[in-house]
Amino acid sequence: MHAPLDAAPDAITPATPRRHTVSVPALDRQIDCGEDETLFAAARRNGLRIVGACGGRGTCGSCIVRVHEGRVHREREGAHKQWLRACCVHPRSDLTLEVAPRSLAPVVRADVRSGGEGIALACRPLVAAQELQLEPATLQDGSSDVDRVRRALERQGRPRPIAVDRGAAAELPALLREHGWRVSLRTSTPADAARIIGFARPGAPLLGLAVDLGTTNAAAFLVDLQSGRPLASLGLENPQVAWGADLISRLEHAIKEPGAAEALRQAAVNAINALAHDLARAVDARAGDIADVVVCGNTAMQHLLAGWPVSQLARAPFVSAMNEALDVPARDLGLKLAAGANLHLVGGVGGFVGGDHVSALLATEPLWSQPGVSLVMDIGTNTEISLVQVDGTDGADPARIWSTSCPSGPALEGGHVASGMRAAEGAIERVALVDGGLRLQVIGGGAPIGLCGSGVLDALAAFVQAGWVDARGRIVGGSATSGQIGKVDGVMAITLAEESAEVPAVRFTQHDVRAVQLAKSAIRTGVELLAAEAGPDASRIDRFIIAGAFGAYISVESCIAIGLLPALPRARFKQVGNAAGLGVQQMLASTERRARAARLALECRCVGLSSRSDFQKTFLRHIGFASP
């Protein structure tokens, strides 16, 4: 092993930048990297995952790597540092690279718990299936294969002139001759007229795919559309995180860089295709057996998937291209499912209150439709909040719903935090102050390599309790039994785990405290001002429903301690998991639930809180840690 040598910048830049091979032995991968691009940019281009919450702008410090062999040019990275930001390093020779363990750790929490596991859904799907036995072709009967299908349907009392998807017609000849003129027919059942959308082998299941396309993770659910029974679920990291952990980073890339919007769209499509393929295999089926798909996401995620322009979303007043639900052939977006499968993109409310929040409202309706004041919060990179008032003692009065969104950013989920990571093995998920020192709980029970979202909130609550972070959010000097406080590269930091030969240190820096402060103040301000907009004070909230896969793991006590949530009695809080995932499954299984979601979106009143005269004052009041 040889220590890397830092190369001075070339005096003359060649017309064609030299290219070098970067080897990552731990992944058995080799990628190419030009001298004019960073290691992070090359990794993203080659599909090599390196955590980079800021999308490679050099502001988060999460994309750390170690160069074992070769020469590099550093930008803003001191010569003494072993672990370097990949977005600040350019190759000057072939390299052997080590990626920090927090980028490679296997994910433990798939973020798919929706609260509906094992429970059959109300089943009235958009598609139907039936088995047909056709008459074989003969020299005397040269009718087309599709006409034979129509004749078989006519014998069963179905109308003869039924429309046929062109892709479905292309699949039919081989299936008929391979299976003795038996075939499984897939038809859509809209109100106007039935349509043949696909054919499958005899006995093939009729499947549907529900997808919650989150900013950080994508969760997918496979459903038997003949029984409404959920069959399997799977989650993976949204590959768009390579362009940044937050929405604004991705929107800026889509606007400024040629081809970036299509690259982001294709990344989402690839994720959905991978989920469809793996889920189908898990139940001994095929992706082609998926005849219907419903996708929800926040406004930006849905715009990027649909290929709509996003420049208007990146600046006030944040206007979407359309809020209504969209139905489009799945293959038009590049999805590899049944030939004529339909994709239903859930309608949104307005602004950044998108289809994912409508799905969460649909799933939690039994809770918020009770008399009184309810607040539904889907907490995440983009936090959506709805306040619901139901008057009367029997709940018969219609609900009044006010909705808004808060740009909370990825800090609460471990993004834009220097040692942040996914909820994977080695992530600190719980932090408690015990006898003046820190007690850490690590996923998998091994040595800590980073902090996931729940650990970020717990850690900050413990620091505030210990007095290591003051009321203004400043890390103050001192030491503790567990956790060393001091300056690192000129920035105050609290060290939770020291650097070793294999793992970089796990630290909580002053920059991390500020990132969490901004996020928690944005959410708390949203809660308070939405309540003021609707009328009741936040203290009068009867039910505080916390949705979102991340929201299922957070400590409500820690959130109250740092002022992210109001100091209500603990019994008023209910954590319901990935409600958006349950809602999108309900819409997949039932056209009636799909219609209810559309009505819910129209019933919500979208409120832009940043235009209120008291927004700035309220935001600043909640930025510190003086009191909950």
Side-chain angles (χ1 to χ4, degrees), residues 27-28 47 49 104 106-114 116-121 123 125-129 131 167-168 170-171 174-175 178-179 182-186 197-214 217-240 266-296 305 329-331 333-344 422 424-425 549 578 581-582 584-585 588-589:
L27 299 176
D28 193 24
R49 185 186 190 279
L104 307 177
V107 175
V108 174
R109 296 177 186 164
D111 287 339
V112 295
R113 296 193 309 170
S114 63
E117 289 78 9
I119 302 174
L121 303 160
C123 192
L126 180 72
V127 296
E131 302 288 315
E171 296 176 336
L175 281 168
E178 183 180 351
H179 297 285
R182 292 179 59 240
V183 71
S184 181
L185 173 71
R186 277 85 167 89
I197 62 170
F199 298 98
R201 65 201 179 282
L206 180 66
L207 303 177
L209 184 71
V211 181
D212 175 15
L213 185 62
N217 298 297
F221 309 84
L222 195 68
V223 176
D224 183 335
L225 293 181
Q226 293 179 298
S227 67
R229 184 167 60 95
L231 301 176
S233 60
L234 184 63
L236 55 73
E237 182 181 55
N238 185 334
Q240 293 176 342
Q266 193 59 55
V269 169
N270 292 343
I272 296 173
N273 278 331
L275 289 166
H277 175 269
D278 292 351
L279 284 171
R281 284 190 59 184
V283 298
D284 294 324
R286 305 170 185 174
D289 297 328
I290 298 173
D292 195 19
V293 57
V294 180
V295 178
C296 74
L305 177 63
R331 64 167 173 255
L333 295 183
L335 298 182
K336 300 174 182 178
L337 310 173
N342 178 74
L343 181 141
H344 180 80
R422 299 174 292 178
E425 290 186 8
N578 187 4
L582 178 57
V584 76
Q585 288 179 79
L588 174 67

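Worth saying up front: this structure is predicted, and the values here are computed from it rather than measured.
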(message) So which atom in L588 and which in A210 form the shortest heavy-atom distance, rounded to 0.1 Å?
(response) CD2-N, 3.7 Å
(request) Could you tell me the separation between the CG atom of L222 and the CD atom of Q585, rounded to the nearest 0.5 Å? (result) 10.0 Å
(request) Over all heavy atoms of both residues, which pair between Q240 and A268 is shortest? Give the atoms and the distance, please. (result) NE2-CB, 3.7 Å
(message) Quick check for you: to the nearest 0.5 Å, what is the distance between L209 atom CG and L275 atom CG?
(response) 7.0 Å
(request) Any chance you could measure F221, atom CZ, to L234, atom CG, to the nearest 0.5 Å? (result) 10.0 Å
(request) Would you check if L279 and L231 make a side-chain contact, meaning some heavy-atom pair closer than 4.5 Å? (result) no
(message) One pair to check against side-chain contact (heavy atoms from CB on, under 4.5 Å): N238 and L213. What are the steps and the verdict?
(response) CA-CA 8 Å; N238 185 334; L213 185 62; 4.0 Å; yes
(request) Please name all residues satisfying side-chain contact (heavy atoms from CB on, under 4.5 Å) with A341, sequence neighbours left out, ordered by chain then number. (result) A330, L337, A338
(request) Answer yes or no: is there a side-chain heavy-atom contact under 4.5 Å between L305 and I272? (result) yes
(message) Using 0.5 Å steps for rounding, measure from the CG atom of N273 to the CD1 atom of I290.
(response) 9.0 Å
(message) Could you measure the distance from the CG atom of L207 to the CG atom of D289? Nearest 0.5 Å is fine.
(response) 5.5 Å
(request) Locate the shortest heavy-atom distance separating D212 from G581; write the atom from each residue and the value. (result) OD2-N, 4.2 Å
(message) Show the nearest heavy-atom pair for residues L206 and A291, with the distance to one decimal.
(response) CD1-CB, 3.8 Å
(request) Enter the distance from L185:CG to L175:CG here, rounded to the nearest 0.5 Å. (result) 11.5 Å
(message) How about CZ on R286, more than 12 heavy atoms from neighbouring residues, nucleotides or ligands closer than 6.0 Å, or not?
(response) no
(message) Using every non-hydrogen atom in the two residues, find where A120 and S227 come nearest and quote the distance to one decimal.
(response) CB-O, 4.4 Å
(request) Tell me, yes or no, whether the heavy-atom count around R201 atom CZ, taken from other residues, nucleotides or ligands under 6.0 Å, exceeds 12. (result) yes
(message) For the backbone of E131 and the side chain of R182, can you confirm whether one donor and one acceptor N or O come within less than 3.5 Å of each other?
(response) no
(request) Of all the heavy-atom pairs spanning A200 and A204, show the shortest one and how long it is. (result) CB-CB, 3.8 Å
